[in-house]
Amino acid sequence: EVITVGDLANRMAERGADVIKTLMRMGVMATITQTIDADTAELVVQELGHRPIRVSEADVEIGVGGGQDRAEDMVPRAPVVTVMGHVDHGKTSLLDALRKTDVASREAGGITQHIGAYQVQLESGSRITFIDTPGHAAFTEMRARGANVTDVVILVVAADDGVMPQTAEAIKHAKAAKVPIIVAINKCDLPAAKPDRVRNELLQHDLVVEALGGDVLDVEVSAKTGLNLDRLEESIILQAEILELKANPGRTAEGVVVEAKLDKGRGPVATVLVKRGTLKVGDIVVAGSEWGRVRALVNDRGATVPQAEPATPVEVLGLNGVPLAGEDMVVVETEAKAREVTEYRQRKKREAEAAKQGRGSLEQMFKQIQAGEAKELPIVIKGDVQGSVEAIAGALEKLTAENTEVKVRVLMSGVGAITESDITLANASKGLVVGFNVRANPQARDMAKRDAVEIRYYSIIYDIIDDVKQMLTGMLAPSL
Ligand code: GDP
């Protein structure tokens, strides 16, 4: 018990009543003078849109400039887009082609730098930010670290090949992250292109495009000839308008690391996407468990810039170590504070590594469910034949219906061995992987061990149902 509700409200510059209301929503009844523990405080801080920085076990500090942004300070920002799809369907080609549509660099004749993300400016003046690492592995791994940077997913489907296994996987990943999808039906320059077939195949994955009465936008494109790239970009802008993407640029910056490396000449370099505020040269930043004073900012055209606004990708120079992709970046007031936070985080990291043996993300999920913070048990199902996989998914979903408090959420079900992609997906949602008459491949096994993701093998369907039932009933959330 470390902080009173009143003190916490003061530190966040929030009204006490709002903090109490938030606590109530979490199932905690407290008055303004009552004390709550650090874990609860951290949740409240997040819930109210602030960024908690825990400087010690016993204290929760609010990041510099923390606080909710006022509506009048919010200005529209560029959408952040990730491209996903089956191998060879043209993700890389499409990213390259879209990059060339940037009017700003056309004028400047700049040399493109691959820094992990880039931004294009359209004729209309609108901007779109693209994450330069295609595929759902990067997407899901970032999400596993708590970074939800992607606003829109472009699903690339080759019109001559149709929906393939990785297309289906990408759909599951995007849906699990609740990110809207725009379909780019690629390679429409080919005579063998059958875009209508693609639309129909997508139906089977609950992706209903407008032409078939749904609300998913789709565009027939060619990364090769440049066909309809402008329409694809317009669709992204349209989707962005629906999402009402806004950020307050007039505050100290917070962002996410999308890529980081150790550069021979320049030292640690992290590509950061600013989420809110404006990042400036000279700022003291904490990125993951590294910190530094920003020595220079370099944009996606290789030019040094004095500052970076929301949704603008920049390379940050001056960190004393290499953070991980997906880790957060926040500006702090003093070097002392930066040191304090990173030392704390590095210690936490070491402790987490040590604790990982045996207890993993699933256990965290159990704890959350027990604490009434989570109401779902996410599961990835892999099996040897489609029929049994469907039977298992169906039966588990029935458990959901019988049990209104904690539900099973089938993240993905499919045929084949358990792969790394299944582990990443389960890990991102703190879930469990079930294998029915299939095993995990060695890479997936290693990854599961590293990330402490639980894999359970079965050969009898009833055993799965029984086990999951027990999990659900053994950890029923207390009713409020
Ligand atoms: P990725 O694996 O999804 O990144 O796919 P790539 O971008 O590497 O493309 C795979 C192959 O498809 C390459 O040989 C590309 O040249 C080709 N390709 C990509 N887009 C198109 C397109 O619009 N039309 C045609 N005809 N070929 C394309």
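Order of appearance sets the numbers: ligands from 1, and atoms from 1 within every ligand. Note that these values count all heavy atoms, side chains included, but never hydrogens, waters or copies made by symmetry.
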Just one of Asp69, Asp73, Asp328 clears the salt bridge (charged side-chain N to carboxylate O under 4.0 Å, His left out) bar with Arg276, so which one?
Asp69
Quick check: do Gln166 and Val87 have side-chain heavy atoms less than 4.5 Å from each other?
yes
Any side-chain donor paired with an acceptor under 3.5 Å for Tyr458 and Asp467?
yes
Kindly identify the option in Gly90, Ala223, Gly85 whose heavy atom sits closest to atom 23 (O) of ligand 1.
Ala223
Polar proximity ligand 1 side, Val87 side, N/O cut 3.5 Å exclusive
no
I need the atoms of ligand 1 closer than 4.0 Å to a non-hydrogen atom of Asp189, numbered in the order shown.
22 (C), 23 (O), 24 (N), 25 (C), 26 (N)
Geometric cation-pi criterion, Arg439 with Tyr457: 6.0 Å, 45°:
yes
Counting each atom of ligand 1 from 1 as listed, which ones have a heavy atom of Lys91 under 4.0 Å away?
1 (P), 2 (O), 3 (O), 4 (O), 5 (O), 7 (O)
Please identify which atoms of ligand 1 are closer than 4.0 Å to at least one heavy atom of Leu190.
26 (N)
Should you measure from each heavy atom of His86, which atoms of ligand 1 turn up under 4.0 Å away?
3 (O)
Do ligand 1 and Val221 have nitrogen or oxygen atoms that lie under 3.5 Å from each other?
no
Donor + acceptor pair across side chains of Gln46, Glu42 (<3.5 Å):
no
Which is closest to atom 11 (C) of ligand 1 in terms of heavy atoms, His89, Met84, Lys224, Lys187?
Lys187
Salt-bridge present (Glu454, Arg456; N to O < 4.0 Å)
yes
